[in-house]
Amino acid sequence: MLDLKFIREHPDIVKAGVAKKHDQPDIDAILSLDTQRREIIREVEALKAERNKVSTEIGKKKKAGESAEEAVAAMRQVGEKIAECDTQLREIEQKLQHALSWVPNLPHESAPVGFDESDNVIVRQWGEKPQPDFKVLPHWEIGEKLGILDLAAGAKVSGSGFYVLRGLGARLQRALINYMLDLHTADGYVEHVVPYIVTAETMFGTGQLPKLGDDMYHIEEDDMYLIPTAEVPVTNLYKKEILDFKQLPVYMVAHTPCFRREAGAAGKDTRGMLRVHQFDKVELVKIVRPETSYDELEDLVKQAEKVLQGLQLPYRVCNLATGDLSFAAAKCYDLELWAAGVERWLEISSVSNFEDFQARRMNCRFRDEDKKVTFPHTLNGSGVALARLVAAILENYQRADGTVTVPEVLRPYMDGVEKIG
RNA sequence: GGAGAGGUGGCUGAGUGGUCGAAAGCGGCGGUCUCGAAAACCGUUGUACCCUCGCAGGUACCCAGGGUUCGAAUCCCUGCCUCUCCGCCA
């Protein structure tokens, strides 16, 4: 959520910012509602001040045994007027809140202005694409051959878009999870186990609601949502809190499944495990002082890169164009992993700075050295997403004889197994 | 799921429908004292919004939302959460 005061004082900046994101919320409507709101507040507060004053006097008179009929009658009328104004005010504030909740975060100046992903800027690339002298099979083929990936079984149980890992395939995923959690916790991120089902309010806090409601699984009976990312429960751990500045920065990590309806993605990546309704992810979340957030963002990207470097997987870092930024993000780097079988760069991590956008929605604040209460900045990054990572390993570590080498860092997590098949 | 109890400021905990944003204690902060610290003493100690250049004002908030009333932390209704007991269950 943007600061209403900021919108009021800098409507042109806001309009230009949302335009860069190719969104068109009605900023003028917000400004007009804000004006109306303040007018009514002034009116109703003056009435309330009067009522409070006179009511106190009535109390005193009654105590003294005097009659106060006139004042009571007058205040009854004032009370009616107050009720009217309050109703009006509530309506306006609801409208304002609604309008405000649909305004995206503004992009940071260092995000390249552009329409979509084709305008993303490649910042750096790490590692060499493997140059195999044989035909590398896509992960779904090698996975099925080795008996470690069963897409048909996933479809049988849950329909398309679900996968089953078996034997060393399942073991490989578990090894990856442990490897990543160990890596991050060693660097100071505190491990968490969090709920996978959250309330609508929680979804609002990180900005998934109201705009992205269609992409999530909703449990109607309880009005609860399956999390699309651990970012949601982990960041919201701090909603409605006032932190002490000494508690910052907060570094957290959690492994969770992620559930996505992928509405609107029909027909894309239908094969394999590149776009599925459920996948696991290790997520990093930071809550930091505003003035440090862009340094923290760079560090967070490096933290995610560390995972891929450890696995010796070639990747590149992209600075997302404004038009490709998500609703809540001010700046975002994507990590894209090269997959030798499908011969594509796979988006495997998204590392974003939300500035105070989420904090304001969650009402998470901190008290600084001068006791001033302000919003911290929140960041998160995948460290990293699993299904695609497993896919990329099956492809990049594939050998001509149809076996797959286990990346060295994972062997301690797999009883020393060096290859699958 | 059933029965009961309860939700008050950072914490503990008081609060007859009127002067209560709320006693008291603890904690925190500032000061006096001290070489320094502890103790003691004094002072201070919520958030949001409206208004103002600032000072000063004003409004709201005692889990949340409604209601009764001239006036609600206090009375009524609904919801949520916590605790205890029972049932069910990994």
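Letters A, B, ... are given to chains in the order of the sequence lines, protein chains preceding strands, and every chain is numbered from 1. Please read these numbers as outputs of a predicted model, since none were measured by experiment. The basis for the numbers below is simple: all heavy atoms, side chains too, and nothing from hydrogens, waters or symmetry mates.
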With both distances under 3.5 Å as the test, what is the Watson-Crick or G-U wobble partner of [N]?
| N | value |
| --- | --- |
| rA14(B) | none |
| rC85(B) | rG2(B) |
| rA73(B) | none |
| rG57(B) | rC50(B) |
| rG30(B) | rC42(B) |
| rU78(B) | rA64(B) |

Item to check | Distance-only polar pair, side chains of Ser293(A) and Asn353(A), donor-acceptor under 3.5 Å | outcome: yes
Item to check | Donor on one side chain, acceptor on other, Thr35(A) and Ser32(A), under 3.5 Å | outcome: no
Item to check | Full working for side chain to side chain donor-acceptor pair (under 3.5 Å) between Thr403(A) and Arg399(A) | outcome: CA-CA 6 Å; Thr403(A) 62; Arg399(A) 295 193 292 202; 3.2 Å; yes
Side chain of [X] (C-beta onward), nearest among [options]:
| X | options | result |
| --- | --- | --- |
| Ser55(A) | rC50(B), rU59(B), rC70(B) | rC70(B) |
| Arg367(A) | rU47(B), rG71(B), rG58(B) | rU47(B) |
| Arg365(A) | rU47(B), rC51(B), rU59(B) | rU47(B) |
| Asn52(A) | rC50(B), rA60(B), rC70(B) | rA60(B) |

Checklist outcome for this item: Hits for side-chain hydrogen bond (donor to acceptor under 3.5 Å, both in side chains) against Arg275(A), two or more places apart or cross-chain, chain-then-number order -> Glu262(A), Asp269(A)
Checklist outcome for this item: Hits for side-chain hydrogen bond (donor to acceptor under 3.5 Å, both in side chains) against Asp222(A), two or more places apart or cross-chain, chain-then-number order -> none
Next on the checklist: Heavy-atom count check: over 12 atoms from other residues, nucleotides or ligands less than 6.0 Å from Lys95(A) NZ?
Outcome noted: no
Checklist entry - When you look at CD of Gln24(A), are more than 12 heavy atoms from neighbouring residues, nucleotides or ligands closer to it than 6.0 Å? => result no
Atom [atom1] of [X] and atom [atom2] of [N]: how far apart are they, to the nearest Å?
| X | N | atom1 | atom2 | value |
| --- | --- | --- | --- | --- |
| Gln247(A) | rG28(B) | CD | P | 16 Å |
| Ile242(A) | rU45(B) | CD1 | P | 17 Å |
| Leu47(A) | rC50(B) | CG | P | 18 Å |
| Lys240(A) | rC80(B) | NZ | P | 15 Å |
| Lys5(A) | rU52(B) | NZ | P | 13 Å |
| Glu241(A) | rC63(B) | CD | P | 17 Å |
| Lys61(A) | rG71(B) | NZ | C1' | 15 Å |

Item to check | Side-chain (Asn319(A)) to main-chain (Ser110(A)) donor-acceptor, under 3.5 angstrom | outcome: yes
Checklist outcome for this item: Within residues 354-363 of chain A, the residues having a heavy atom closer than 4.0 Å to RNA chain B are none
Checklist entry - Going by number, which of residues 85-98 of chain A have a non-hydrogen atom under 4.0 Å from RNA chain B? => result Arg90(A)
Next on the checklist: Heavy atoms only, 4.0 Å cut-off, all strands: where does Ala49(A) land among base, sugar-phosphate and nothing?
Outcome noted: sugar-phosphate
Checklist entry - Contact class for Val373(A) vs. all strands (heavy atom < 4.0 Å): base, sugar-phosphate, or nothing? => result sugar-phosphate
Atom pairs and distances, side-chain donor-acceptor, residues 410-420 of chain A, under 3.5 Å, sequence neighbours left out:
residue: Arg411(A); atom: NE; partner: Val406(A); partner atom: O; Å: 2.9
residue: Arg411(A); atom: NH2; partner: Val406(A); partner atom: O; Å: 2.9
residue: Tyr413(A); atom: OH; partner: Asp182(A); partner atom: OD2; Å: 2.6

Next on the checklist: When you measure from the side-chain N and O atoms of Arg38(A) to the phosphate of rC49(B), is any distance below 4.0 Å, counting only OP1 and OP2?
Outcome noted: no
Checklist entry - Can you check whether Arg51(A) has a side-chain N or O nearer than 4.0 Å to OP1 or OP2 of rC70(B)? => result no
Checklist outcome for this item: The answer to which of Arg8(A) and Ile58(A) contacts RNA chain B further toward the 5' end, by nearest nucleotide, is Arg8(A)
Checklist entry - 5'-most contact on RNA chain B: Arg42(A) or Lys246(A), nearest heavy atom basis? => result Lys246(A)
Please tabulate the protein-to-nucleotide N/O contacts below 3.5 Å involving nucleotides 19-21 of chain B, giving atom names and distances.
residue: rU19(B); atom: O4; partner: Lys63(A); partner atom: NZ; Å: 2.4

Next on the checklist: What I want to find out is whether Lys81(A) reaches Glu50(A) closely enough, with some N-O distance under 4.0 Å, to be called a salt bridge.
Outcome noted: no
Item to check | Test salt bridge (Lys or Arg N to Asp or Glu O under 4.0 Å) applied to Asp187(A) and Lys302(A), step by step | outcome: CA-CA 12 Å; Asp187(A) 285 334; Lys302(A) 285 183 190 128; over 6 Å; no
Next on the checklist: Looking only at the aromatic ring of each residue, does the gap between the centers of Tyr196(A) and Phe259(A) stay below 6.0 angstrom?
Outcome noted: no
Item to check | Verdict with reasoning, Gln208(A) to Thr206(A), per side chain to side chain donor-acceptor pair (under 3.5 Å) | outcome: CA-CA 6 Å; Gln208(A) 278 72 22; Thr206(A) 28; 2.7 Å; yes
